[in-house]
Engineer: 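This is the structure I want to talk about, given as structure tokens.
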Amino acid sequence: VEFEFRFWDAEEGGHCVFETSDTDAGEGDYKTLSYAFFPNGQASPSRHVGSGMHEEIAMGLYDETITNTVTLIILGDQIAAVINGKSVWPAFNPEGRVAYEYQALSANAGIVCEYDNYKLWDLSGLDYNP
């Protein structure tokens with residue numbers, strides 16, 4: 001997925017989020033990856049571990065003073081982020097190989113996030129042999 005984002009009126013703890021998850025697998029069991037962008041220039045992916053709790057997978061930095069172009073890649077058990085053409089983090093997806101079917105952009109905890117130029121590529125048909 002790729003999108004541009006910028007935030008306005010950030011309060012402490014506020015953050016912009018891209019989230020992707022699979023459909024409900026039954027009995028409330030689903031897998032979610034969230035990518036949070038904080039006004040202090042930190043960016044981090046995390047996974048849902050139950051009841052609103054998230055576990056951070058990696059951490060990187062970006063320039064919070066400009067509009068940022070973010071490319072997030074999930075391919076098999078690997079995830080990566082490229083922000084403004086620079087690799088921010090490579091990491092392994094602790095959920096393993098998952099087909100994510102739901103995406104959402106949001107603003108949390110007292111922040112105004114502006115998103116633009118959203119693009120989504122389905123890589124599921126890619127012949128990928130690690």
Engineer: Stepwise, does the salt bridge (charged side-chain N to carboxylate O under 4.0 Å, His left out) test hold for Arg6 with Glu114?
Structural biologist: CA-CA 5 Å; Arg6 182 179 179 101; Glu114 178 182 283; over 6 Å; no
Engineer: Given the rule in the side-chain contact (heavy atoms from CB on, under 4.5 Å) test, do Asn84 and Ile66 qualify, once you have shown the distances and angles that lead to the verdict?
Structural biologist: CA-CA 10 Å; Asn84 300 323; Ile66 62 171; 3.7 Å; yes
Engineer: What's the shortest heavy-atom distance between Ala91 and Ala58, and which atoms?
Structural biologist: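 Taking every non-hydrogen atom into account, CB-CB, 4.2 Å.
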Engineer: Considering all heavy atoms of both residues, which atom of Ser21 and which atom of Thr32 are nearest to each other, and what is their separation?
Structural biologist: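 For Ser21 and Thr32, the tightest heavy-atom pair comes out as CB-OG1, 3.2 Å.
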Engineer: Between Pro45 and Ile57, is any pair of side-chain heavy atoms under 4.5 Å apart?
Structural biologist: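 Yes - at least one pair of side-chain heavy atoms lies under 4.5 Å apart.
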Engineer: Looking only at the side chains, is there a donor atom on one of Ser46 and Glu56 sitting less than 3.5 Å from an acceptor on the other?
Structural biologist: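 Short answer, no.
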Engineer: How far does CD of Glu64 sit from CZ of Phe7, to the nearest 0.5 angstrom?
Structural biologist: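 Rounded to the nearest 0.5 Å, the CD-CZ separation comes to 5.5 Å.
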Engineer: On a heavy-atom basis, which atom in Gly60 and which in Val88 lie closest, and how many Å separate them?
Structural biologist: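 The answer is CA-CG1, 3.5 Å.
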Engineer: To the nearest 0.5 Å, what is the distance between CD (Glu4) and OH (Tyr118)?
Structural biologist: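 Glu4 atom CD to Tyr118 atom OH measures 14.0 Å (nearest 0.5 Å).
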Engineer: Nearest 0.5 Å, please: how far is OH in Tyr102 from CD in Glu19?
Structural biologist: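 If I round to the nearest 0.5 Å, the distance is 6.0 Å.
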Engineer: Are Val82 and Ile74 grouped together when hydrophobic residues (ILVMFWY) are joined by side-chain heavy atoms under 4.5 angstrom apart?
Structural biologist: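 As far as the 4.5 Å side-chain criterion goes, Ile74 and Val82 are not connected within one cluster.
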Engineer: Could you walk me through whether Gln42 and Leu61 satisfy the side-chain contact (heavy atoms from CB on, under 4.5 Å) test, starting with their C-alpha distance in whole Å, then the side-chain angles of each, then the deciding distance to 0.1 Å, before giving a yes or no?
Structural biologist: CA-CA 5 Å; Gln42 282 189 327; Leu61 300 173; 4.0 Å; yes
Engineer: Could you check whether any side-chain heavy atom of Trp121 comes within less than 4.5 Å of a side-chain heavy atom of Glu2, counting everything from C-beta outward?
Structural biologist: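 When only atoms from C-beta onward are counted, Glu2 and Trp121 do touch, with a gap below 4.5 Å.
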Engineer: To the nearest 0.5 angstrom, please state how far the CG atom of Asp116 sits from the OG1 atom of Thr69.
Structural biologist: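 Between atom CG of Asp116 and atom OG1 of Thr69 there are 9.5 Å.
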Engineer: Out of curiosity, does Leu105 fall in the hydrophobic cluster containing Leu120 (side-chain heavy atoms, cut-off under 4.5 Å, transitive links)?
Structural biologist: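 They do share one cluster, since a chain of ILVMFWY contacts under 4.5 Å joins Leu120 to Leu105.
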Engineer: Between Ala107 and Ile111, what is the shortest heavy-atom contact and its length?
Structural biologist: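 Nearest heavy atoms, Ala107 then Ile111: CB-O, 3.5 Å.
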Engineer: Hey, mind stepping through Val1 and Thr20 against side-chain contact (heavy atoms from CB on, under 4.5 Å) and telling me if it holds?
Structural biologist: CA-CA 10 Å; Val1 67; Thr20 186; over 6 Å; no
Engineer: State the OH-OG1 distance between Tyr115 and Thr67, to the nearest 0.5 angstrom.
Structural biologist: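 Nearest 0.5 Å value for the OH-OG1 distance: 12.5 Å.
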Engineer: Under the ring pair (Phe, Tyr, Trp, His ring centres under 6.0 Å) criterion, do Phe5 and Tyr35 qualify, and how do the steps go?
Structural biologist: CA-CA 12 Å; Phe5 87 97; Tyr35 300 84; over 10 Å; no
Engineer: CG/Asn68 to CZ/Phe37 distance, rounded to the nearest 0.5 angstrom?
Structural biologist: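 With rounding to 0.5 Å, CG (Asn68) is 8.5 Å from CZ (Phe37).
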Engineer: If you look at every heavy atom in Ser44 and Phe38, which pair is closest and at what distance?
Structural biologist: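 In terms of heavy atoms, the two residues are closest at OG-CE1, 4.1 Å.
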